Amino acid sequence: MEPTASKEPGPVRERRACLTEAYTCLRRGSCPSQRAHDVASAIFVGVCGGVSSGDRESCPPENHSDPTVELSCISMSLLEKISSALMSGSLPPAATLYHAEVLTGLQDMDLMLQLILNFQSDDQIISHLAAKSVSTCVFYQLHTSSTVCPVWQQKCVQAFYSSTPSPALDNCLWSITDVFKRLLQGGHQENIAKLLAAFDSSLMAICSKFLPEERSEVLLCLDDVRRSRRWGTTLCLLLELLELLTASSVIYAADVCLQSQRITYTHSSALLTIIGGSSHYFVKKRALLLLKRAVLQKSGEDWALGEGLYFGPKNKHLLADMSTLAKSMLTAVATNWLQRVQVESSSFFGGTRHVRGKEGKADCVMLRALGLLLLKSLELYIQTPSGAAGVNSAFEVCGYLQSVWGFLRQGSLLRTEVTHCCCWLSLLFGEQDDDMMEAAKALFSIFLHHRLCSGLDDCSMLKAACVFGCNPHCHFLLLLQSISFDHSILLDFLISTETCFLEYFVRYLKYLRADWQGFTAACGKTSLLDHHLSLQQSPTALCGGDVLKVTNRDQDPYRSNTCFQHTGAISSAGMISMAAGFHLVEYDSSDESDTEEMEVSQGAPVASVSEKSRFSALDMKLQKLSDLTGILIEPNTTPHRRAEGPQVPVFLSEQTSCPNMAPVSGHVTCDTLARVVLCMSHLREVVKRLHTKKLFPYNPSSLLRLLEQL
């Protein structure tokens, strides 16, 4: 660097030395030897590209770097560092006064106008550094004087109203997004309101251009904008800004919610058209994830936008907006929108690759977002007056469910053949706990709605629920199978705030109290499936008259069959010890714990816990199971075979199964039922013990009462 710098013209070398010393002193927390005005002048000249043509021509040919670009990059980087250091309060008092004087001098020189001129630079590094510097300076001005920079506001408003894809529009979108993100993360509610008020009408204008309300206008807009090579980038930047606007309406639910904060909901039909249109795949995916987070009220979760995301009063438009989104989604599905949605192969570090034949795996992020968006839309629909009652409403909802299961079947999207629709929950959402719990809760609400409106008896209702994939007993059993009946994982879910498992679990337990017979029958169906898996046959089971078949299309017949490939729907024997050994928290390691230990067996499918007492209701169920099947089931042990018991399988009595259901082995049936009962018993005891020691994060009294009543 030194030989190159020595060949630079004198003015360039002096400015570089001034900026380098200023940056070094900023890092040390000291004051440079130059005056604050001199440092401000050097930054301003660098931002303006202040290298004369004579100085540029005097640079030797071997020096390939343009001094204008280098000085501009250094100047804008130093400006951003100074603003950030002043806002963080990390500088000593003397250095704080010095650098504040530098920024004051730059404001007097009208620096912001020069930075904004760099928005349209052909050099992408220069234009991006300009956007970063502008957003930092705007945030600093809001932080210190609670005013929006008028020069920046005028430029952004002008760009939004013109809505012409260009570097200037992209940088305006990026800078306002960055300012919003900083304000939301810092909890600056008053400044957020000022910023929203300043850009509300212009944001509506740009969204009317890119996301018009009429579908035909959306398609025409896509055709017009697609001719520009920048349209994909511009639209993605707009979608990111819309997510922040939606998050602001959830975090700060004021009595007056501006139109720009509701764009995601009010223009949801246009977003769905983009997802089903011929746009680029990354744009489709970004739009779909935006709608998914909006319907879950989790907008901005990737940026950790505040702890109070779900607290506080709801804005008065939220119910209507959510209904609008749900209606748009269901209307799109009714018009074969799912058939127009493109799902590519799953991405990896190198991007995506084209799949030939049946190779590869579909993009599960897209599939989960599609499935969850439809399920939550159905959950919202059945809460409206038009979807709340009536047999027609029940069958209409089931028709939507069949549409999404049919979409998942087509084209072998998950490389797995499933003929029992209840398995889609675990198969599709098994890799994402929060999505799986949201989907399970939505399906449970749909099941209760169908049960209320259809007029079917309990047994017929469960059969129909299996046909439409919303049997809550199947879902809960498949969840337990996927975690190998490990109660400590359920405890992790109960304690974690990252999922809605507590709400789902309490609602399901209330239903389970009234339908233990249906749950017992479901255990028989899933037990038969587990039994076939252990025999290494094609996993089949009768469930509500349907045959459940889960096969891996790419399974090599010559490979060892000791471990079935885990797909998320079925828990294989090879996954049992793995799932049992890993927990989020070691609950028996607390200093306040007593000498009792919660031991998890590493080699058995059922966790073993040494405890002192059992509630009588569960003890009676265990005893009845033992008498019925000849399986000795003790509260603190794994179920095992009685030596004096019958050596041939015993079939369930008709009291525990629905009419016309094929008989299943009492041994395999009650093995699953016993594991469920033991799992719930262990969970109840651990929760009770933690609550007694005041180690549980909330009051679980209601939950414990429900567990006692099983």
Side-chain angles (χ1 to χ4, degrees), residues 160 163 165 173 177 203-226 231-250 259-302 317-318 320-344 363 365-378 380-381 400 404 407:
F160 294 162
S163 300
L173 286 169
T177 301
L203 288 173
M204 293 301 299
I206 188 175
C207 287
S208 298
K209 169 69 175 179
F210 284 89
L211 304 171
E213 295 182 3
E214 295 296 330
R215 182 175 182 272
S216 57
E217 294 181 7
V218 177
L219 296 176
L220 289 175
C221 175
L222 290 179
D223 290 337
D224 292 339
V225 181
R226 193 179 298 114
W231 85 272
T233 302
T234 303
L235 193 50
C236 278
L237 289 169
L238 178 60
L239 295 176
E240 186 174 357
L241 177 57
L242 290 184
E243 182 168 355
L244 284 166
L245 293 170
T246 307
S248 68
S249 68
V250 176
Q259 289 293 322
S260 59
Q261 295 176 279
R262 305 172 55 199
I263 291 174
T264 301
Y265 302 104
T266 57
H267 290 68
S268 55
S269 179
L271 290 169
L272 291 170
T273 303
I274 288 176
I275 296 169
S278 57
S279 56
H280 293 311
Y281 186 70
F282 69 91
V283 177
K284 294 168 169 284
K285 191 170 183 177
R286 188 68 185 84
L288 184 59
L289 292 176
L290 169 64
L291 290 177
K292 171 196 166 184
R293 290 165 186 157
V295 79
L296 294 176
Q297 297 183 47
K298 293 184 178 179
S299 298
E301 64 175 354
D302 287 351
H317 299 291
L318 182 61
D321 290 342
M322 295 288 280
S323 297
T324 299
L325 196 160
K327 181 181 178 181
S328 299
M329 180 63 187
L330 297 181
T331 301
V333 172
T335 57
N336 294 324
W337 172 79
L338 286 172
Q339 309 306 318
R340 300 191 295 270
V341 176
Q342 173 191 4
V343 179
E344 294 186 353
D363 187 349
V365 175
M366 280 283 285
L367 293 178
R368 280 196 298 267
L370 281 167
L372 194 53
L373 180 57
L374 179 55
L375 292 179
K376 295 299 291 186
S377 297
L378 286 173
L380 291 168
Y381 171 69
Y400 285 116
V404 71
F407 169 75

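Just so it is clear, the values below take in all heavy atoms, side chains as well, and ignore hydrogens, waters and symmetry mates. The structure displayed is predicted, hence computed values, not measured ones.
- Every residue meeting the side-chain contact (heavy atoms from CB on, under 4.5 Å) condition with Thr234, not counting sequence neighbours, appears here in chain and number order: Pro165, Leu169, Asp170, Leu173, Phe210, Arg230.
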Test side-chain contact (heavy atoms from CB on, under 4.5 Å) applied to Val283 and Arg286, step by step
CA-CA 5 Å; Val283 177; Arg286 188 68 185 84; 5.7 Å; no
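- In this view, Met322 and Tyr265, Val295, Gln297, Leu318, Leu380 satisfy the side-chain contact (heavy atoms from CB on, under 4.5 Å) rule, not counting sequence neighbours.
- Interatomic distance, Leu289 CG to Met366 CE, rounded to the nearest 0.5 Å: 8.0 Å.
- Two residues are said to be in side-chain contact when any heavy atoms from C-beta on lie closer than 4.5 Å; Thr246 and Ile263 fail this criterion.
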Using the side-chain contact (heavy atoms from CB on, under 4.5 Å) rule, take Ile274 and Leu235 through it: C-alpha gap first, then chi angles, then the decisive distance, then the call.
CA-CA 10 Å; Ile274 288 176; Leu235 193 50; 4.0 Å; yes
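- Remark: side-chain polar atoms of Glu243 are paired, donor with acceptor, to backbone N or O of Gly300 under 3.5 angstrom.
- Judged as a side-chain hydrogen bond (donor to acceptor under 3.5 Å, both in side chains), the pairs with a partner in residues 321-330 (not counting sequence neighbours) are, in order, Arg262-Asp321, Ser268-Ser328.
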Please assess Leu239 against Leu271 for the test side-chain contact (heavy atoms from CB on, under 4.5 Å), listing each intermediate value before the final yes or no.
CA-CA 9 Å; Leu239 295 176; Leu271 290 169; 3.5 Å; yes
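- Partners of Val333 by side-chain contact (heavy atoms from CB on, under 4.5 Å), not counting sequence neighbours, listed by chain and number: Met329, Trp337, Leu338, Leu374, Tyr400, Ser403.
- Taking 4.5 Å as the limit, some side-chain heavy atom of Lys285 sits within range of a side-chain heavy atom of Asp363.
- Closest non-hydrogen pair, Gln342 versus Tyr281, comes out as O-CE1, 3.3 Å.
- When all heavy atoms of Pro212 and Ala270 are compared, the pair lying nearest together is O-CB, 3.2 Å.
- Between atom CG of residue Leu378 and atom CG of residue Leu330 there is a gap of 5.5 Å, rounded to the nearest 0.5 Å.
- Gln259 and Gln261 form no side-chain donor-acceptor contact under 3.5 Å, judged by distance and modelled atom types alone.
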Leu211 vs Ile206, side-chain contact (heavy atoms from CB on, under 4.5 Å): CA-CA, chis, key distance, verdict:
CA-CA 8 Å; Leu211 304 171; Ile206 188 175; over 6 Å; no
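- The side-chain heavy atoms of Leu370 and Leu288, taken from C-beta on, include a pair separated by under 4.5 Å.
- Contact check for Thr335 versus Arg340: side-chain heavy atoms found under the 4.5 Å cut-off.
- Evaluation of the side chain to side chain donor-acceptor pair (under 3.5 Å) rule for Ser163 yields no partner, not counting sequence neighbours.
- Annotation: the span from Phe160 atom CZ to Ser208 atom OG amounts to 13.5 Å, rounded to 0.5 Å.
- A distance of 8.0 Å separates CZ of Arg293 from OG of Ser299, quoted to the nearest 0.5 Å.
- Look at Lys284 and Glu344 and you find no salt bridge, because none of the NZ, NE, NH1 or NH2 atoms lies under 4.0 Å from a carboxylate O.
- When the side-chain contact (heavy atoms from CB on, under 4.5 Å) test is applied to Thr177, the partners found at least two apart in sequence or on another chain are Glu240, Leu241, Leu244.
- Between Val404 and Gly371 the shortest heavy-atom distance is CG2-CA, 4.2 Å.
- Between Leu203 and Leu242, the closest side-chain pair of non-hydrogen atoms is not below 4.5 Å.
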